[in-house]
Amino acid sequence: IFDFIQEGNLLVFADVGLGKTTLLQTMMVSLVENYTPGEVCFYILDYGSKILKSFEQVSHCADVITMDEEDKYKYFVKMINKEIDQRSEKFTQASVSNYYAYKQVSDEPMPVWIIALDSYSTFIELYPDEEEFIIGLCRDGASLGIYVVLTTSKISDVRYRVSMYFKNVIAIGVEDKFELSALVGK
């Protein structure tokens, strides 16, 4: 199981058809099998195959949003921003700076939220102005127990301003040494 609290956000890169969505499915099933909905819940932004819609019936899944549900996406953005503000206020009141520290001093239930965005390339093509939202979510959310898993088939679509908030990268089947260098920074 990927430990989001310790590791933060996760970027998954692979060419089309090499298992990004399957990795997300496996991750979500693992979370469901190992945590209660009170410990972990997830939102899925499925801008790929729409196969992740099958998670809508899972109690841990708060919602699945696909590329043809623009109103649902807009509501999601408002809801996430409100949650970030509420958690920030609670952490300030508790004099803590991160989710782990908050859980040490508070008995209040506060599940980890996982935001899984499948096919960032498609998402950013549809919503080029939403890069700032993604940056804010990755930057502000991680310390508040809100983590992002982002998949992409085009590493060039994940600009440095976004990628800098992902200390963990899974690269599947990357053979091009320039793309690999861009991913691992060497």
Side-chain angles (χ1 to χ4, degrees), residues 2-14 20-21 23-24 27-28 31 40-48 52 62-67 69-92 96-102 110-172 174 178-186:
F2 186 81
D3 186 347
F4 288 96
I5 295 171
Q6 292 296 317
E7 299 298 331
N9 302 317
L10 176 64
L11 174 62
V12 180
F13 172 75
K20 297 178 298 294
T21 302
L23 181 97
L24 282 180
M27 184 176 289
M28 297 303 148
L31 290 169
V40 173
C41 82
F42 47 84
Y43 289 83
I44 300 172
L45 302 165
D46 188 347
Y47 286 75
L52 298 172
D63 210 350
V64 178
I65 302 167
T66 61
M67 70 178 85
E69 298 176 308
E70 187 172 350
D71 289 341
K72 213 171 167 183
Y73 170 72
K74 287 178 182 178
Y75 176 78
F76 165 78
V77 170
K78 288 178 186 174
M79 184 271 311
I80 286 290
N81 286 329
K82 183 178 177 181
E83 183 70 16
I84 286 173
D85 290 344
Q86 289 174 341
R87 288 186 182 207
S88 293
E89 181 61 30
K90 288 177 183 180
F91 287 21
T92 299
V96 297
S97 62
N98 62 56
Y99 182 80
Y100 180 78
Y102 183 77
M110 182 184 287
V112 165
W113 283 13
I114 309 296
I115 314 302
L117 198 170
D118 193 24
S119 191
Y120 181 74
S121 300
T122 302
F123 171 82
I124 207 66
E125 185 178 307
L126 291 171
Y127 301 110
D129 296 336
E130 291 300 291
E131 183 179 65
E132 290 303 318
F133 168 70
I134 297 299
I135 289 169
L137 178 59
C138 293
R139 179 192 59 231
D140 302 334
S143 65
L144 301 170
I146 302 171
Y147 304 99
V148 177
V149 180
L150 189 147
T151 73
T152 187
S153 56
K154 297 180 196 172
I155 196 60
S156 60
D157 286 344
V158 184
R159 296 179 351 147
Y160 177 73
R161 294 183 61 229
V162 175
S163 68
M164 67 187 281
Y165 295 105
F166 292 86
K167 72 177 185 178
N168 297 285
V169 178
I170 295 175
I172 304 169
V174 179
F178 296 109
E179 282 187 338
L180 192 57
S181 175
L183 286 168
V184 298
K186 296 180 184 176

Quiz item: Looking only at atom types and distance, does a side-chain atom of K72 sit under 3.5 Å from a main-chain N or O of T66, one as donor and one as acceptor?
Solution: no
Quiz item: Do F76 and L45 pass the side-chain contact (heavy atoms from CB on, under 4.5 Å) test, and can you show the C-alpha distance, the side-chain angles, and the key distance before you say yes or no?
Solution: CA-CA 10 Å; F76 165 78; L45 302 165; 3.8 Å; yes
Practice problem: Please report the C-alpha distance between M27 and L10 in whole Å, then the side-chain angles of each, then the deciding distance to 0.1 Å, and finally whether the side-chain contact (heavy atoms from CB on, under 4.5 Å) criterion is met. | Solution: CA-CA 11 Å; M27 184 176 289; L10 176 64; 3.4 Å; yes
Quiz prompt | Residue E130 excluded, over 12 heavy atoms near CD under 6.0 Å | solution = yes
Quiz item: So do the side chains of K74 and V77 get within less than 4.5 Å of each other, counting heavy atoms only?
Solution: no
Quiz item: For I44 and D118, what are the C-alpha separation, side-chain angles and deciding distance, and is it a side-chain contact (heavy atoms from CB on, under 4.5 Å)?
Solution: CA-CA 8 Å; I44 300 172; D118 193 24; 5.6 Å; no
Self-check item: Partner set under ring-ring contact (aromatic ring centres under 6.0 Å, His included) for F91, not counting sequence neighbours
Solution: Y102
Quiz item: Which heavy atom of V162 sits nearest a heavy atom of Y120, and at what distance?
Solution: CG2-OH, 3.7 Å
Quiz prompt | Value rounded to 0.5 Å, distance of CZ in F42 from CD1 in I114 | solution = 9.0 Å
Quiz item: In terms of heavy-atom contacts, does CZ of F133 have more than 12 from other residues, nucleotides or ligands at under 6.0 Å?
Solution: yes
Practice problem: Mind checking ring-ring contact (aromatic ring centres under 6.0 Å, His included) for Y99 and listing every partner two or more places apart, or none if nothing turns up? | Solution: none
Quiz item: Which value, rounded to the nearest 0.5 Å, describes the distance between L31 atom CG and C41 atom SG?
Solution: 10.5 Å
Self-check item: Qualifying residues under ring-ring contact (aromatic ring centres under 6.0 Å, His included), relative to Y73, sequence neighbours excluded
Solution: F123, Y127
Quiz item: In Å and rounded to the nearest 0.5 Å, what is the CZ to CD distance from R161 to E131?
Solution: 5.0 Å
Quiz item: So, T151 side chain and S119 main chain: donor-acceptor pair closer than 3.5 Å or not?
Solution: yes
Self-check item: Distance (rounded to the nearest 0.5 Å) between T21 OG1 and D46 CG
Solution: 6.5 Å
Quiz prompt | Gap between atom CD1 of I124 and atom CG of D157 - 0.5 Å precision | solution = 8.0 Å
Quiz item: What's the verdict on side-chain contact (heavy atoms from CB on, under 4.5 Å) for L52 and M28, showing C-alpha distance, side-chain angles and the deciding distance?
Solution: CA-CA 10 Å; L52 298 172; M28 297 303 148; 5.8 Å; no
Quiz item: Do you know the tightest heavy-atom contact between N9 and Y147?
Solution: OD1-CA, 3.5 Å
Exercise. Would you name the heavy atoms of V40 and P111 that are closest together and state the gap between them?
Key: N-CB, 3.9 Å
Quiz item: Taking atom CD1 of I80 and atom OH of Y43, what is their separation to the nearest 0.5 Å?
Solution: 6.0 Å
Quiz item: Looking only at heavy atoms, which two atoms of S121 and S153 are closest? And how far apart?
Solution: OG-N, 3.8 Å
Self-check item: Shortest non-hydrogen separation from R87 to L144 and the atoms involved
Solution: NH1-O, 2.7 Å
